[in-house]
Structure formats: structure tokens, C-alpha cells
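Comments concern the structure below.
The first residue of the sequence shown is numbered 1, and numbering continues consecutively from there. Values reported hereafter were calculated over all heavy atoms of this structure, with side chains retained and with hydrogens, waters and symmetry mates removed.
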Amino acid sequence: MQADAVAAAVTSEKVDGAESTYEIEVTSSGGENGSDEDNEPELITREEVESSKRVYRFIKHAEDFVLSLLALIVLVIPMLIVAFIVWVTSPGASPIFKQERVGLNGKTFKLWKFRSMIPNAESKLNELMSQNEMDGPVFKIKKDPRITPVGSFIRKTSIDELPQLVNILRGDMSIVGPRPALPREVEQYGDFERQRLLVRPGLTCYWQTHHARNEVSFEEWMKLDAKYVREYSFKEDWKLIFRTFSVIFNKEGE
């Protein structure tokens, strides 16, 4: 029996002289009866995603634009206050932290966040790698010494993610979708993990709303994202949106 598989080759190339694209190549491969491939999880292809739920995706994109614009209008004053506090407590650094992430179909973009770490946090990452508490290519530790006191609060309340409303308005992201990964993480992805690049990344998702998300293994995280890629709908989107408000009010973010 033959099974469709995503053979995804990740390459890095310049776009307009600056950004990179992690290209997803969809092909077909098969295995013989009784082979290990028969036991592997079924993979979805880009053609399957693009040919299904077209009306839903069009409406969702319009919904993302309208809701993110309204949210920015309502939250502009609180966001300016947060930016001022971050600026005062992190002198010499921009209150907005921009970082390259991988989005829809492997195209990279600059993700915006309120700064929650010390200005030279990226340069100290290698020193902390041995303390990583996550499996797979993701790095995270509960008591990261690079996080500032203000940063700890805005992370727990997910306030640090609010500037991503601009990313949603620009079309880089959606309100709901797999969290955008770092290029160094995507370089270590296999076929199954690359499925999450077939939809626009989101501000919230199954993993983001999990009550103990940092205790979820990388494998389970990827399974949750694959579940969303296959089953996304307005019903699932709004369930996740309402669950996100619960996470924010209960300060479950980390």
C-alpha cells in the first residue's frame, strides 16, 4: 500500500536582499506492505490545505484584519503605557523586540513583542543551552535569568504578545494558528513538524492555551499543531480565542 508523504526540503535564500524563505516542497512517496512507513502518522500536503475550506480561509483572513485593527484601536493607550514602562526599566533598548520567525509556507517575517528580557539576551543563549527544560529544538527554562521583573509580569499575563496584533494586521500572522517558530528550530524539523508551516502562524493555539504548556513534550506540541492544520474551523478558532482570555486573566502564561 502506498501512502502520501510530505518530502519537505528546507532551504535558505534571500528575499529582497534581506529575508529568507524556508521552502516546503511537496512530493509523493510510497512504502511496501508491512514497512515502517505504514505506521507513521498520515501527513497532509500543501495542495490538500489550499484546495480545502477556501471560503473559511478568506473570511478568516478578513476577520483577522478587522479584529486586529479594532484591538489596536482599543488597546493603543495601554500599549503605549506598557512600552513606556519597558523603556524606563530597560534603558538603552527599544521597548519593542523584533525577531525573525518562520511563517506561512516557510516565508520568514519579523515578529514583534514587548521586550521582556535584558537587551543582550540573544548573545547569552548559548550559555544557558545546557539548562534547557524542553525537548526537541525548542529552548525554554522556567527561571530564565535573562527575563526582567517587568518582563516576568507581561509574560505571565501575555501582554508581551500584544504587538503581534500589528503582525496580524500586516498578514504575517493570524489570530489563531500554530505559534511561529524560529529559523534554527525549523532547520531541525522533519516531515511531520513541517506540516505546521502549511497554515498562517497564530497569536494563540492549542499549545498556547494549555494549562501547563511548558510541560507538554515537543512531540505532543507538534501533534496539537497537526490537529489544528487538519481540523481548523470557525468553531475551533473561537473556542481557542475564549480559552486564551481565560489564560490571560488567570496569569497562566510563562
Side-chain angles (χ1 to χ4, degrees), residues 1-16 18-31 35-65 100-111 136-138 164 167-208 218-237 240:
M1 173 186 282
Q2 287 196 341
D4 289 334
V6 177
V10 178
T11 58
S12 179
E13 59 185 36
K14 293 292 183 181
V15 178
D16 295 330
E19 296 184 354
S20 302
T21 297
Y22 289 77
E23 187 178 347
I24 304 175
E25 220 176 282
V26 181
T27 61
S28 178
S29 63
S35 71
D36 290 339
E37 291 187 15
D38 291 333
N39 299 321
E40 292 179 355
E42 186 180 357
L43 303 177
I44 189 170
T45 66
R46 182 159 58 183
E47 285 78 8
E48 288 178 278
V49 172
E50 292 178 348
S51 64
S52 65
K53 302 182 181 180
R54 291 182 177 178
V55 174
Y56 158 80
R57 292 203 313 276
F58 175 81
I59 296 175
K60 179 179 181 178
H61 193 48
E63 183 180 73
D64 285 338
F65 181 87
E100 187 176 54
R101 297 291 179 105
V102 181
L104 177 65
N105 292 327
K107 183 178 180 181
T108 59
F109 67 97
K110 294 294 184 182
L111 176 137
V138 180
Q164 286 160 51
N167 288 121
I168 296 171
L169 194 64
R170 288 163 51 94
D172 299 325
M173 295 174 58
S174 178
I175 293 174
V176 181
R179 288 297 294 159
L182 292 163
R184 68 169 179 266
E185 296 169 356
V186 175
E187 287 171 359
Q188 300 178 58
Y189 280 2
D191 294 344
F192 185 78
E193 292 80 17
R194 291 191 186 102
Q195 291 178 108
R196 70 198 305 273
L197 304 179
L198 296 174
V199 297
R200 207 178 303 274
L203 186 63
T204 190
C205 60
Y206 288 123
W207 174 83
Q208 187 82 359
F218 180 72
E219 181 181 1
E220 288 301 316
W221 181 357
M222 295 300 102
K223 286 180 179 178
L224 288 172
D225 285 344
K227 170 182 167 66
Y228 181 78
V229 173
R230 285 199 168 278
E231 302 176 5
Y232 62 150
S233 65
F234 287 119
K235 180 181 178 181
E236 288 302 308
D237 286 350
L240 288 168

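Across all non-hydrogen atoms, the minimal contact from Ile44 to Gln195 is N-OE1, 2.8 Å. Listed here is the closest heavy atom pair of Met173 and Gln164: CE-OE1, 3.5 Å. When every heavy atom of Glu48 is checked against every heavy atom of Ser52, the shortest pair comes out as O-OG, 3.0 Å.
With sequence neighbours excluded, the residues satisfying salt bridge (Lys or Arg N to Asp or Glu O under 4.0 Å) with Glu236 are Lys239. Every residue two or more places apart in sequence or in another chain was checked for a salt bridge (Lys or Arg N to Asp or Glu O under 4.0 Å) with Glu63, and none qualifies. Taking Tyr206 as the reference, nothing meets the ring pair (Phe, Tyr, Trp, His ring centres under 6.0 Å) condition, with sequence neighbours excluded. Not counting sequence neighbours, the partners of Lys227 by the salt bridge (Lys or Arg N to Asp or Glu O under 4.0 Å) test are Glu231. Taking the salt bridge (Lys or Arg N to Asp or Glu O under 4.0 Å) definition, one finds that Asp64 meets it with nothing, sequence neighbours left out.
The shortest distance between side-chain heavy atoms of Glu193 and Glu219 does not fall below 4.5 Å. In this structure, the side chains of Val102 and Tyr189 stay at 4.5 Å or more apart for every pair of heavy atoms. Side-chain contact between Val49 and Val229: present, with at least one pair of heavy atoms (C-beta onward) separated by less than 4.5 Å. Between Val176 and Tyr228 there is a side-chain heavy-atom pair separated by less than 4.5 Å. When side chains are defined from C-beta on, Glu100 does not count as touching Leu182, because their heavy atoms never get closer than 4.5 Å. A heavy-atom distance below 4.5 Å is found between the side chains of Arg230 and Glu42. Considering only heavy atoms from C-beta on, Glu50 comes within 4.5 Å of Asn105 through its side chain.
Checked for salt-bridge contact, Glu220 and Lys223 meet the test: a charged N lies under 4.0 Å from a carboxylate O.
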Review item, side-chain donor-acceptor pairs of residues 197-205, under 3.5 Å, at least two apart:
unit_1	atom_1	unit_2	atom_2	d
Arg200	NH1	Gly171	O	2.6
Thr204	OG1	Thr244	OG1	2.6

